[in-house]
Undergrad: 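Here it is, the structure in full.
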Amino acid sequence: MAASGAAVRGGGRAFLSLALGVSLLKCLLIPAYYSTDFEVHRNWLAITHSLPVSRWYYEATSEWTLDYPPFFAWFEYTLSHIAKVFDPEMLNIQNLNYASPRTVLFQRFSVIFTDVLFIYSVYECCKCIEGKKAGKELTEKPTFILSVLLLWNFGLLIVDHIHFQYNGFLFGLMLLSVARLFQKRHLEGAFLFAILLHFKHIYLYVAPAYGIYLLRSYCFTADKPDGSVTWSSFSFLRLIALGFIVCFVSALSLGPFIAMPSIFCLWFKPQGPRGFLRCLIVCALSSFMFGWHVHEKAILLAILPMSLLSVGKPQDAAIYLLLTTTGHYSLFPLLFTAPEFPIKVLLMLLFTVYSFSSLKTLFRKEKLLNWMETIYLVGLGPLEICCELVFPFTPWKLKYPFIPLFLTSVYCAAGITYAWFRLSVSMLPGPAVSKAKLQ
Amino acid sequence: MFGDYEAQRHWQEITLNLPVQEWYFNSSDNNLQYWGLDYPPLTAYHSLLCAYVAEFINPDWVALHTSRGYESDHHKLFMRSTVFIADLMIYIPAVVLYCCYLKETSPRKKIANAFCILLYPGLLLIDYGHFQYNCVSLGLTLWGVLGLSYDWDILGSLAFCLALNYKQMELYHSLPFFCFLLGKCLKKDLKGKGLLLLIKLITTVVAAFALCWLPFFTQLEQTMQVLRRLFPVGRGLFEDKVANFWCSLNVLLKIKSLLSPHTQLMFSFALTFLSLLPACLKLTLQPSLRGFKYALVSCALSFFLFSFQVHEKSILLVSLPVCLILNEVPFMSIWFLLVSTFSMLPLLLKDQLALASVGTTLGFGVACASSFSIFENISEEELQLRSFSVYVRRHIPGFKVPAKMLKTWFLVSVTMMSLLTLTSITVEPPHKLPDLFPVLVCLVSCLHFLLFLIYFNVIILWDHRNGRSQKKIN
C-alpha cells in the first residue's frame, strides 16, 4: 500500500510539473506572432461589452462579426470585465486592430488561464486509462505518456498560443465529457457536450457519435448476451432525462454520410465507451475530410481524442502517430513568419520525437509502423526543407508563390486520408467477441 | 536598441571588410568608439566566419558603413541562429558528456541533471535574450574540465586556452586550472614524469596562444593595442550597478571618490588574491577533481566580488562551475543559480526580458524541484559540511550546522527576491532615488554571494576526501 501511495504521489507531482512547465512555455510565447484571430476576439470583447445583447449579432463595424454561438459571446462578455482593468481602450468598437502591449498581455493570459479546464480534463482522462502493469518506471506508464501527449500537444500549442484561439478550454469540455462517459456518468457527459455545442458549433461534427451512443448504451439499460439490443430494457425515464438535456443536439445534422458505417456499428454492436470514442474520432475526421468550409485547425478535433486511444492498443498507437505527425505538419503554413520558424520546427521535433519514443517503449513487443509508412513520415523532413529553405531562393518564388502550400496540402492529404481509412476499418466489427471482453 | 546585438553585427562587418591589421585600430573605416572590438582574436575569427555566411545570404547585412543599425526579421533569425548553432556544437555536447560520465548516479538522474543545467535561466537569457556568445567560451572551458577529469591534460589545457582566447573573462577560471595542473605535475614528481608533463603543458599553452595571436605578433604595437582593448584599466573600479563588493560598499562609503584610481586598483588586486589564495594553495598541494571543481567556483566568485571592472554578466563564469556540482550539493547550487539570475535583473529589465526571465526562472525551479528532492533531507552530510562540523566540535562541543534553519532562510530569500522582482517590474521608483531598485537588487545579491563564498571555501578547506583521490591521480 505504501508503495502504491508513493507511486500515486510521484505521478501527481509529475503531472503538476508537466502542467506548470507547459504553462510557463505558453507565457514565453506571449510576444510571438498572432494572426487576425487576435483582432477577431478583441472585437468580440468590444461588442459584448459596449452593446446591449440584442445588438450583438447585428454589429458589423468590423469585418469580424460575431459568428460563434451565444455561450461564447457570454464568455467574451465575462472576459471584457477583466479586460477593463488591463486596457479599457480595447473595448472600443471603433478601435480596429488595436493591439497595445497590455491588450496582447491580457488576451494571451486569458487563453493561458482558461487552459486550466483543459488541464483538469486531462487529469480526468488519465484516471480512465487502465495502467498496464503496476510497478513500472513512472515515465513508461500510459498515464504519464497520455499526460504529455495531451498537455504538450504541438498543434494545440501553436494554434492557441501563437496563432491565437481559445481551443484549449473547449477541448477541455469535450475531453471532460468523454471522460464522464467512460466513468458511466452519462448525464454529466451529455450536459457538458451540450454546453460545448453552444460555445462552438464546429463540435456538431461529432454530435452523431454522442447521440447514438447515449441512445443505445444509456437509454437501453441492458443488452442481450451477444451484444444486440434488448428492446424491452428501454428506459423512458432515462430517455426523457437525456432528451431534456440534449434536446437541442441535432443527432442527424451535418452527419457526413461517410460516417454512417461507424454510426451503425455504434448502434448494432456497441463496444462501450471505447467504441464511442472511436466513432467520435471517425466523425471528426470524416467532417475534416469532406466538410464544408473546413479550417486546417479542425484536425485537432480528431488528434486530441485520438491520444486517449493511442496508449491503449498498438494498432491505435500506429494510426495516432501517422495522423498526428501529418496533421501537425499540415498546421505549419499557419505560422509563416521568420521568427516563428525555429519555434515551430523545434516544438514539432520535440513532440514528434517524444510521441514516437514513448509509444514505441510502451508497445515494445510490437512493430508500430511498416516501411512504407515510415518513409512517408520521414519524407516530411525534405518537404519542409524544400518548401521553406530552398524554394525562397529559387526563381519560381515570384512566378508560382503557392507551390509550397500546394505541396504541403497534397502530401498531408495523402497521410490523413490513409489514417482515416485505417480508423474506419478498425471500427468494423471483428469476429464475434463477447461483450464482457470488449468492455 | 543598439546593444550587444549591434556590436556583434558590427564586428562581422569589420572583420569581413577590413584587413586583420586594422581590426583593433582606430581608423576612418573602423571607429572604435562605435562598438570597437574588445574581445580576443578568437571572437574576431568567429565573427569573420559568421560574416561569410551572412554575405552569402544577404550582403546588405554586413556592408561597410551602410549596414549600421540594420534590423530585419530575417537578419534577426540569422543572428539568433548563429548563437544556437554555436550552442549546439560546443556547449550542449559538453554538458551532455559531462552528465553521462557522472559517477554514482542512475541514468534517469543523469538526464535530469543535464536537463537542469541546460535550463539554467542566466545563460539562456544572456545568450538568447541580451545576445552574446557565452556558450562558446563556457563550453570550451567545460571541455577543458572534461579533459582534465580524464587525465587528458594536454587536450584539456588546449580547450581552456581556446576559451581564454575567446573571452578574456575566462581568466577568472585560469588560476584553478593552473594550480590543478601544477599540483598534478608536483605529485608526479618534478624530476621525472612531472617535469615532462609540465613541459608538454607549457608547450601546448604557448602554441595555442601563438596560433590565435599569429596575425598580431607581427608588430609589438599590434599586440599592445589588442591588450589595451582587452583590459581597459582606465575605466574605473566598476561601471553601472553590479552585485559585487565594491559597488555595494560604494552605497555606504563613496570609495570611488575617496581613493585614487591607482589605490583602488591595488585594493581590488589585494583583496581578490587574498580571498582566493587558500583554495588555490590547497588545490596545488592536494590536487583532486572534486577540489578543482569547487576551486573553480570559489575563485570565480572571488574575482567577481573583488575584481576590477566587473560586469554583471560575469556571474555566468561562477554559474557554470556551480552547475558542475549540481549533483553533489543540489540545494545550495540551485539556490545560488536562482540568486545569480536574480542579480542580473536590472540588465534583463532594460532589455525588456521581464516576462522571459520570470518564465524561465520558474521553469528552472519546477524542473529542479521535480528532478532533485531538495526540500527533504537537508543534513550536514548533504551539505558536504560533515568534516567541518566534526572539526569545530573538537573546539566547541555541541556545535551543529543549522541545517534545518536553511529551509526557512531559503524561503525568506526567495520571497525577498520575488518581491523585489515584482516591485521592479510594476512600481515606479521615487524621484529622489531613481536607482533604488537596481541598488537593492545588487545589495541583496552581494550579501548572498559573500555568504556563498564563505560556504564554498569551507567545503574546500575541510575536504578530507583528498586522501582517497590522491591514489586515483597516481
Undergrad: Of the non-hydrogen atoms in A/R13 and B/A369, which two are nearest, and what is the gap between them?
TA: NH2-O, 3.7 Å
Undergrad: Would you say B/Y128 has more than 12 foreign heavy atoms packed within less than 6.0 Å of its OH?
TA: yes
Undergrad: B/D73 vs A/Y33, test: side-chain contact (heavy atoms from CB on, under 4.5 Å). Steps then yes/no.
TA: CA-CA 12 Å; B/D73 271 348; A/Y33 153 83; over 6 Å; no
Undergrad: Hey, is CD on A/E140 packed in by over 12 heavy atoms from elsewhere, all under 6.0 Å?
TA: yes
Undergrad: Among the options A/L20, A/L16, A/L28, A/T139, pick out the one with the most heavy-atom pairs lying under 4.5 Å from chain B.
TA: A/L28
Undergrad: Below 4.5 Å from any heavy atom of chain A, which atoms of B/A367 appear? Answer side chain, backbone, both or neither.
TA: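 Neither part; nothing is under 4.5 Å.
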Undergrad: Is it the case that over 12 heavy atoms from other parts of the model lie below 6.0 angstrom from the CE atom of B/M416?
TA: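 Buried by this count: over 12 neighbours within 6.0 Å.
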Undergrad: For B/H74, does the NE2 atom have more than 12 heavy-atom neighbours from other residues, nucleotides or ligands under 6.0 Å away?
TA: no
Undergrad: Chain A heavy atoms under 4.5 Å from B/L355: which part of the residue, side chain, backbone, both or neither?
TA: both
Undergrad: With a 4.5 angstrom heavy-atom cut-off, which part of A/L29 approaches chain B: side chain, backbone, both or neither?
TA: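 No part of A/L29 comes within 4.5 Å of chain B.
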Undergrad: Is the number of heavy atoms from other residues, nucleotides or ligands under 6.0 Å of A/Y123 OH greater than 12?
TA: no
Undergrad: Could you look at B/R80 and say if it's the side chain, the backbone, both or neither that has a heavy atom under 4.5 Å from chain A?
TA: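 Neither part, no heavy atoms under 4.5 Å.
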